[in-house]
Amino acid sequence: MSGWQSGLRLLVCCGLLVFLGGCQPAAETKPGDESAAAKTDGAADATKKKKVTPGISFPVREKLDGWAGNWVLLLHEQQKDFAVAVFRLGKAEDGQITAEVIENTAVIAGLELVSVSGDDRQLGMKLNTKLGPGSLQLTLGEATARGNYLFGEQGIGLNAATLVPVEFGTMKDYPNPVPSEGIDLLNKALKGAQPVNDVMAFARENPSLSLALDAYLGTVTRIGKDPLLKFDEETFNEFASDYKKVAEQWGPRMVNRATLNCGLHLVIGGQLPKLGLDYLNEAEAGLPPEAIAFRNQLGDAKDAGRTQIAFLDIGSSDADVAAQCYQTLKDVQAKQAFNPIIMDRMASYEVRQKDFSAAIDHLSAIVSLPLLEQMVLQERAGQLPGTPTPRELLVELWKEHRQDTPPLDEHLTAVYQNQLKDLATRVVSENPPVTDLPAGHRVALVEVFTGATCPPCVAADIASGVVREAYPAEQAIVLQYHQHVPGPDPLCNLDSEDRFTYYGLEGTPSVVIGGKLLPGASGYLQHSEVAFKQMKFGIDQTIKQASPVILSASASAADGQLVIDLNATGFPQAEQSSLRMRAALAENSLEMFAPNGVRQHEMVVRAMLGGQKGTGVKNGELKSNITLPLKELKGELVNYLTKFETGRNLQFPVKPLKLQPLTLVAWVQNEKTKEVLQAIAVPVTGELVYPTDAEAVSPDGSLPAPASETPASEAPAGDAPAKEASTEPAAAEPAALPAAEAAPADASSTTEPTKPE
C-alpha cells in the first residue's frame, strides 16, 4: 500500500470503520447480575433442554407462536455471538406488540426498553443503555428473527442481530459469548491454500450465517493489500451484488452498510475509484436519518474518492480536465490542510502552469511541517528515479524565483510557526475551555512524555502547544519530559527518565493529566486536533474539581544563584504521610529541528529540584527552600549528555543549552494514588547567567553535587526508597536518520523505550 493510501486509511477510516465494523459491546455490569423479574421467572433447568441450535449454547423453543414468549437478543461481533438481554414479548388486547426486559447481561449495562412497534412479521425497539441509545430492527423467520442493532443516537455503530426464542428467563447458566455458528469452517477457509477464494466459497455456501457478512467484509478490506485481488468493474459489481443479497437477510441498514463497505474500500484500496464513488453516493442516499454522525464522516470518504480520481487525471493533456482535477484537490485541501500528497500533486500542476509562487507555498508546507515530506517520499516508493524530492524542487524554485531572500531556512521556520499558530487559533475557537469553575479549583498538570526521534509523538507535541494557547497557567500547566525513545534525544536528562519510571510508562508518547494516564494522544500532525480534544477532556475533568491545597512559589536568580521558595498549605492531614511536593525547572521555548520534524519545543523539563523524590511533610509543614548554583544546573546537563555520547560513540548534532527563560512548576502529589492535588507555575526572575559548556563541567568529569535544600527532603515512613540517580546514561538506539530520510512509524502505536545495555 502506498503512503497516500496509508494516510487515507488513517484520516478516513478512523472515523468510518467504527460504524462499518460495529461497536465492541462493553461489559459494565457484573456477570450473574439479575433483575427481580428474572429471579422470579425461573431459569430453565438444564435437564429440560429440547433443541440446541448449532452455534447457540442454550436450548431454544421448537415452535413459534408469533412474537409471544421469551427471546434472547444476540449481537454478532468479531466472529462471536454476545447475548445482550432476555425479553418477554406478547400482544395487547388492541393488537399492539408488548415487550419487557426481564434480564440484561453483562455485555451492555443499563439496558432499558423505551418503545416497541411492529406487526406479525416486523419488530422494532428503541432502547437506552449506558453506551447511549440504540434501535433494533428485526424480521421474524421460521426459527428465529434476524436484523440489526444501531448503536448511538447518531448511528455510530451497527451490528447484525438475532432474536432467539427460549423458555427461560436468565442467561446465567450459559456461556456468553460463544463462537458464531460456522466458525470452524471459516477458520479452515482462512488457512487454505487460496484463502480469498476459500473464504468466498464459504460465504456462497453458507449465506444465512452471520459469518458470511464477515467473509465479504474481510475480502473487500483486502483490496489494495493483496496483489492477487484485482477487480475489473464487471467482476466487482457481481461481488457487490452477492454481498448485498447476503446482507438483505439482516435488514435494509445492513444492505446499506455493505454498499458503504464496497465504496469505501475501493477508494482506500486505490482500485476503481470512480466506481467506489458511485457506491458511496448510493450508500449516502440510503443512510437512515438517525445516522447523523456517519453521514458527516461519509463526506471524508467521498472527498477521498474524488481525490483519487483527480490524482489519475491531473496530468491529462486536456487542459480543462487537468484544471478541474486541480480545483477538486484545492477544495479537498481546504478541509485537509495537512494532506501532503494533495499538496505535492498541486505543486506539480502549479509548476507546469508556471504558478511558481503557489508551488513554493505548497512545497514549503511539505518540507517545514513534521513528517510530511517523508509521507510524500513513502508514497513515491517504487517509482522511477529522477523525480526531485519536494525539498530539492523547493530549493531550485527558491533560488530561481525568490533569489534566496530571505534565506530558505528562515522562511521554513516562519512557515512552520505560522501554520501551527493558525491551527491553534482555529482549534481553540472551535473547542472553547470550560467556564464557571469552582473557587479554589485544581490546576491541571499535563505531563507529556515524548522523544525527538519518535514519529507518533508529533500529535501529542503539537496538541500540547494548543493546550498552552487554550488555557492560562492558572488552569493548565504543560510539561514535556524528553526520552531516548526510540533514539537519542539531546533534551533528555536523568530527572526526565526518573519521572518516566515513576509512572511505570512503557513508551512514548504518553500523556498524564493530574497523575492519570490519558489514552489516545499518539499520531502524526494530522491527528493533533484529535489529541488536543483528548487532552481537553482530561483537563476539563480536572479543573472542575475543587482542591483544599494552596501553593505558593517564587524563583529568582542573582549572582549565579537560583533561589527558590515553595510552600503548600491546606493539604489533607489524613494524607500527609503519602504527600510529596515536587518542583521542576522548565525551559519556556527552544528551537531544535528534531528528527521527527518538530521544530519548536516548549516547557521542556531541565531539572527536578530535589530529584524525582521531591519533598515530604515534616513537622506538619510541606515547604522547601532551595539554592541552586546555575553552574550546577547547566553542568549536570552537560555531563549527562557528554557521558551519553561517550558511552554510545555518537555525537549529537546540537545540544540546546540556552536554558532561558525558565519557569518554575511545583505540585503536590499523593504517592499512593499518583493524584496531583494542586499545581502552580511562576516565571524565574532575575538574570540567568551561565558558564560555557566547558566551564560547567566538573574538573573530574563527575556530576555536580545536588543543590542544597532546607529542610532536607524526607520520605514518609514506610515509603519505598526513591530511585537513585545513576551516572550511567540510559541505553539508546543509534542516532536517528535525518528527518527527510526516516520513514514514519505507525501512528496508532507507541514506541517502546530502549532496553538498558
Side-chain angles (χ1 to χ4, degrees), residues 2-8 11 270 273 303-304 306-420 422-423 524-526 597 599 738-741 743-744:
S2 70
W4 156 243
Q5 294 157 7
S6 298
L8 179 61
L11 294 173
D303 284 344
R306 288 191 286 267
T307 299
Q308 289 278 25
I309 295 168
F311 285 172
L312 294 174
D313 296 340
I314 197 169
S316 172
S317 57
D318 187 320
D320 291 338
V321 171
Q324 182 57 52
C325 290
Y326 176 77
Q327 185 60 48
T328 296
L329 296 183
K330 189 175 182 179
D331 293 341
V332 176
Q333 200 262 338
K335 294 182 283 186
Q336 300 180 17
F338 302 123
N339 190 318
I341 315 304
I342 291 179
M343 289 190 281
D344 183 55
R345 296 294 197 279
M346 293 177 70
S348 297
Y349 176 85
E350 289 155 354
V351 170
R352 291 196 299 272
Q353 298 300 311
K354 301 188 184 306
D355 187 354
F356 300 116
S357 179
I360 286 173
D361 288 345
H362 284 124
L363 291 170
S364 296
I366 293 173
V367 173
S368 67
L369 294 173
L371 299 179
L372 297 194
E373 185 172 22
Q374 289 92 305
M375 293 178 184
V376 172
L377 297 178
Q378 189 178 60
E379 188 267 344
R380 293 182 182 180
Q383 295 183 1
L384 293 175
T387 302
T389 67
R391 179 177 289 274
E392 290 169 345
L393 181 56
L394 176 60
V395 169
E396 179 183 337
L397 294 177
W398 189 261
K399 289 181 178 179
E400 184 175 351
H401 300 282
R402 296 284 176 91
Q403 285 77 49
D404 205 26
T405 304
L408 181 56
D409 285 345
E410 291 183 13
H411 167 73
L412 293 177
T413 298
V415 170
Y416 177 95
Q417 293 172 341
N418 292 335
Q419 290 266 5
L420 295 189
D422 291 345
L423 169 68
Y524 304 138
L525 176 61
Q526 295 89 337
R599 293 169 177 258
E741 300 176 19

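- Within the structure, the side chain to side chain donor-acceptor pair (under 3.5 Å) test picks out the following pairs touching residues 312-326 (sequence neighbours left out): Y326-E350.
- The shortest non-hydrogen separation linking P370 to G597 is CG-O, 3.5 Å.
- Under a 3.5 Å cut-off, the side chain of N418 and the backbone N or O of A414 do form a donor-acceptor pair.
- Residues F356 and E400 are not in side-chain contact: their nearest non-hydrogen atoms beyond the backbone lie 4.5 Å or more apart.
- Using a distance-only test at 3.5 Å, with no hydrogens or angles considered, a donor-acceptor pair links the side chain of E373 to the main chain of R391.
- Among all heavy-atom pairs drawn from G315 and R352, the shortest one is CA-NH2, 4.1 Å.
- Of all heavy-atom pairs between A359 and A347, the closest is CB-O, 3.9 Å.
- With hydrogens and angles disregarded, no donor-acceptor distance shorter than 3.5 Å links the side chain of E410 to the backbone of P407.
- One finds the CG atom of L363 at 9.5 Å from the CE atom of M343 (value rounded to the nearest 0.5 Å).
- Two residues are said to be in side-chain contact when any heavy atoms from C-beta on lie closer than 4.5 Å; E392 and T387 fail this criterion.
- The CZ atom of R402 sits 4.0 Å away from atom CD1 of I360, with the distance rounded to the nearest 0.5 Å.
- Remark: I342 CD1 to R345 CZ distance equals 10.0 Å, nearest 0.5 Å.
- At a threshold of 4.5 Å between non-hydrogen side-chain atoms, the residues L394 and I366 do not count as touching.
- Here the straight-line distance linking atom CE of M375 with atom CG of D344 works out to 13.5 Å at 0.5 Å rounding.
- Using modelled atom types, no side-chain atom of Y349 and backbone atom of I314 make a donor-acceptor pair closer than 3.5 Å.
- Looking only at side-chain heavy atoms (C-beta outward), S368 and T413 stay at 4.5 Å or farther from each other.
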Notebook entry, point to check: What's the verdict on side chain to side chain contact (heavy atoms under 4.5 Å, CB included) for Q419 and L423, showing C-alpha distance, side-chain angles and the deciding distance?
Noted result: CA-CA 6 Å; Q419 290 266 5; L423 169 68; over 6 Å; no
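- Here the closest non-hydrogen pair linking P273 and Q308 is CB-CB, 3.7 Å.
- Not counting sequence neighbours, the partners of K399 by the side-chain contact (heavy atoms from CB on, under 4.5 Å) test are V395.
- Here the side chains of L525 and L420 are in contact, with some heavy-atom distance below 4.5 Å.
- Across all their heavy atoms, P388 and R380 have their closest contact at O-NH1, 2.8 Å.
- With rounding to the nearest 0.5 angstrom, the CE atom of M346 is 10.5 Å from the OG1 atom of T328.
- Residues I341 and F311 meet the side-chain proximity criterion, which asks for heavy atoms closer than 4.5 Å.
- A salt bridge does not link R306 with D331: every distance from a Lys NZ or Arg NE/NH1/NH2 to an Asp or Glu carboxylate oxygen is 4.0 Å or more.
- Residues P340 and Q526 are in side-chain contact: their nearest non-hydrogen atoms beyond the backbone lie under 4.5 Å apart.
- Test L329, N339, L312 against T307 for side chain to side chain contact (heavy atoms under 4.5 Å, CB included) and you get one pass: L329.
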